[in-house]
Amino acid sequence: MPTLPPALAAALAGVRSVAVITGAGVSKAAGLPTYRGEGGVYEDPREGDRTIEDLTGATFRREPDRTWDRILRLARGAAAARPGPVHHLLAAAARRMPGLFLLTQNVDGLHGRAGSPDVVEIHGNVLRIRCLRCGHGAPLPAQALAVGASRPSCPACGGPVRPDVVLFEEPLPREPLLRLQAALVEQSPDLVLLLGTSALFPYIVAPARHATLRGKASVEVNPDPTPATPAVRHALRGTAEAWLPVLLEAVPALQGLRA
Ligand code: OAD
């Protein structure tokens, strides 16, 4: 078990409210690839740059089958995966601390499947669809996951649907951004924890910087430095699986959790 720096252990002893932001690194232990880095979805040498191009809003409008093909590959992986240790531990933490705020950039739905209530999925969920005609949202039908299956349609009106995810070049949905703002800026939790994200987006780094500037605890857990590293008070190198139990155990209200 890794050991916390003494200054961080002291800070965690006074923590009563927690916000967690996760990225693909927390699903790695569940067997899903990250996006970037070795073995990443965007770094498959057989695909070159096509993956990102497949996942843009412009490609979806022009060639929806191309985007669907890519999304369904991600969806098959997500559907086959089981939540990992970090998902389970965060769900246990939320049961103990009902106000715990959890925002994920992951589109695999694994936090919800582990039992985390009320997860803010800021980039959406590949296992959900949204109707382009009537706006109805629904789970992706299981039969759509079969290789060669035809594109799903809206269960309410039969209209064309899109994956309920944010594609490249598309704006973020308003509601999760407002919830991020309310939870992190207005409520200002005692601890902001970034877990397993390359933190490439300003809206992911900003909450950590905000906590740091307010004198709160801000922690990054990642094997490598990221753009968030200069913004956090404590950067812990290593995996989320190794560090999260140690971090939560140091918060009095979260001691003795079982994943
Ligand atoms: P990335 O693939 O960009 O980054 C994953 C991060 O996890 C890297 O910084 C790794 O060093 C780190 N990592 C790997 N294994 C880890 C472990 N066991 N514990 C902790 N950290 C680990 O994934 P995200 O940051 O989530 O957008 O990517 C952000 C967004 O970019 C995704 O949501 C996706 C992508 O485009 C959409 O789907 C809209």
Side-chain angles (χ1 to χ4, degrees), residues 2 20-44 47 49-60 67-68 70-75 77-78 81 83-90 102-111 119-128 130 162-173 176-177 180 193-208 219-232 234-248 259:
V20 183
I21 297 178
T22 67
V26 306
S27 289
K28 205 169 170 186
L32 293 178
T34 56
Y35 293 94
R36 302 171 183 86
E38 210 187 321
V41 172
Y42 299 154
E43 315 235 348
D44 183 340
E47 304 283 352
D49 292 336
R50 282 186 61 87
T51 310
I52 289 180
E53 200 185 301
D54 291 348
L55 291 171
T56 63
T59 300
F60 181 68
T67 305
W68 268 114
R70 184 68 61 178
I71 290 287
L72 289 174
R73 280 196 246 173
L74 293 172
V86 173
H87 304 107
H88 286 299
L89 199 53
L90 288 175
L102 175 59
L103 179 140
T104 189
Q105 296 162 89
N106 298 344
V107 293
D108 54 30
L110 288 176
H111 283 301
V119 185
V120 178
E121 293 178 313
I122 197 161
H123 292 162
N125 186 325
V126 282
L127 294 173
R128 291 190 61 79
R130 191 155 37 82
R162 61 164 289 158
D164 197 0
V165 297
V166 179
L167 296 170
F168 280 102
E169 298 163 5
E170 290 185 330
L172 285 176
L177 272 180
L180 176 67
L193 187 51
L194 298 187
L195 289 179
T197 174
S198 56
L200 293 179
F201 304 119
Y203 51 88
I204 297 302
V205 179
V219 179
E220 169 186 65
V221 177
N222 198 305
D224 299 315
T226 76
T229 305
V232 294
H234 306 275
L236 301 176
R237 295 283 155 251
T239 66
E241 309 82 271
W243 277 111
L244 185 63
V246 181
L247 284 161
L248 297 185

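For ligands, and for the atoms within them, numbers begin at 1 and follow the listed sequence.
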Chemist: Nearest 0.5 Å, what's the OH-CG distance between Y35 and L200?
Modeler: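 It comes to 12.5 Å.
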Chemist: Quick one: CG on L103 to CD on E121, what's the gap to the nearest 0.5 Å?
Modeler: 9.5 Å
Chemist: Taking distance alone, with no angle check, do R36 and ligand 1 share an N/O pair under 3.5 Å?
Modeler: yes
Chemist: How many angstroms lie between atom CG of L90 and atom CG of L193, to the nearest 0.5 angstrom?
Modeler: 7.5 Å
Chemist: Any idea which protein heavy atom is nearest atom 32 (C) of ligand 1, and the distance to it?
Modeler: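 Going by distance alone, atom 32 (C) of ligand 1 is nearest to Y35 CE1, 3.5 Å.
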Chemist: Using the rule given for side-chain contact (heavy atoms from CB on, under 4.5 Å), can you reason through L172 versus F201, listing the C-alpha separation, both sets of side-chain angles and the distance that settles it, and then say yes or no?
Modeler: CA-CA 11 Å; L172 285 176; F201 304 119; over 6 Å; no
Chemist: Quick one: nearest non-hydrogen protein atom to atom 17 (C) of ligand 1, plus distance?
Modeler: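 Among all protein heavy atoms, the one nearest atom 17 (C) of ligand 1 is G25 O, 3.4 Å.
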Chemist: Can you name the atoms of ligand 1, numbered from 1 with element, that are less than 4.0 Å from a heavy atom of F168?
Modeler: 36 (O)
Chemist: Looking at E241, which atoms of ligand 1 are within less than 4.0 Å of one of its heavy atoms?
Modeler: 17 (C), 18 (N), 19 (N)
Chemist: Anything under 3.5 Å between a donor and an acceptor, one on a side chain of residues 21-34, the other on a protein residue two or more places apart or in another chain? List them.
Modeler:
unit_1: T22; atom_1: OG1; unit_2: T104; atom_2: OG1; d: 2.7
unit_1: T22; atom_1: OG1; unit_2: H111; atom_2: NE2; d: 2.9
unit_1: S27; atom_1: OG; unit_2: H87; atom_2: NE2; d: 3.2
unit_1: S27; atom_1: OG; unit_2: D108; atom_2: OD2; d: 2.6
unit_1: T34; atom_1: OG1; unit_2: R36; atom_2: O; d: 2.9

Chemist: Quick one: list whatever passes ring-ring contact (aromatic ring centres under 6.0 Å, His included) with F168, sequence neighbours left out.
Modeler: Y42
Chemist: For V166, counting its heavy atoms only, list the atoms of ligand 1 lying under 4.0 Å from any of them.
Modeler: 39 (C)
Chemist: For ligand 1, is P223 a contact, meaning one of its heavy atoms is under 4.0 Å away?
Modeler: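 It does; at least one heavy atom falls under 4.0 Å.
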Chemist: Return the residue, atom name and 0.1 Å-rounded distance of the protein heavy atom closest to atom 9 (O) of ligand 1.
Modeler: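 Its nearest protein heavy-atom neighbour is N222 ND2, 2.9 Å.
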Chemist: Which residue holds the protein heavy atom closest to atom 6 (C) of ligand 1, what is that atom called, and what is the gap in Å?
Modeler: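 Nearest protein contact, heavy atoms only, for atom 6 (C) of ligand 1 is G196 O, 3.5 Å.
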Chemist: Got the closest protein heavy atom to atom 29 (C) of ligand 1, with its distance?
Modeler: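 It is Q105 OE1, 3.3 Å.
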Chemist: Kindly confirm or rule out an N or O of A240 lying under 3.5 angstrom from an N or O of ligand 1.
Modeler: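 By distance alone, the answer is yes.
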Chemist: Got a second to check how far N106's CG is from I122's CD1, nearest 0.5 Å?
Modeler: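 Answer rounded to 0.5 Å: 12.0 Å.
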Chemist: About how many Å separate CZ of R70 and CD1 of I52, when rounded to the nearest 0.5 Å?
Modeler: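 If we round to the nearest 0.5 Å, I52:CD1 and R70:CZ are 10.0 Å apart.
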Chemist: Heavy atom of F201 under 4.0 Å from ligand 1?
Modeler: yes
Chemist: Within ligand 1, which atoms have a heavy atom of G23 less than 4.0 Å away?
Modeler: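 The list of qualifying atoms is 26 (O).
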Chemist: Run N125 and D164 through side-chain contact (heavy atoms from CB on, under 4.5 Å) and show every step you take.
Modeler: CA-CA 6 Å; N125 186 325; D164 197 0; 5.6 Å; no
Chemist: Looking only at protein heavy atoms, which one is nearest to atom 35 (C) of ligand 1, and how far off is it?
Modeler: Y42 OH, 3.3 Å
Chemist: Should you measure from each heavy atom of A24, which atoms of ligand 1 turn up under 4.0 Å away?
Modeler: 23 (O), 24 (P), 26 (O)
Chemist: Judging by distance only, is a nitrogen or oxygen of H123 under 3.5 angstrom from one on ligand 1?
Modeler: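 Between H123 and ligand 1 (N or O atoms, distance only) the closest approach is under 3.5 Å.
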Chemist: Considering only heavy atoms of K28, which atoms of ligand 1 have at least one such atom less than 4.0 Å away?
Modeler: 14 (C), 15 (N)
Chemist: Note the single closest protein heavy atom to atom 1 (P) of ligand 1, along with its residue, its atom name and the distance in Å.
Modeler: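 Sorting protein heavy atoms by distance from atom 1 (P) of ligand 1 puts S198 OG, 3.6 Å first.
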Chemist: Side chain to side chain contact (heavy atoms under 4.5 Å, CB included) with L236: which of N222, V219, V246?
Modeler: V219
Chemist: side-chain contact (heavy atoms from CB on, under 4.5 Å) between V107 and I71: does it pass, once the steps are laid out?
Modeler: CA-CA 10 Å; V107 293; I71 290 287; over 6 Å; no
Chemist: Evaluate the criterion side-chain contact (heavy atoms from CB on, under 4.5 Å) for residue pair E170 and F60; output intermediate values, then yes/no.
Modeler: CA-CA 11 Å; E170 290 185 330; F60 181 68; 5.6 Å; no
Chemist: Work out whether the distance between some heavy atom of D224 and some atom of ligand 1 is less than 4.0 Å.
Modeler: yes
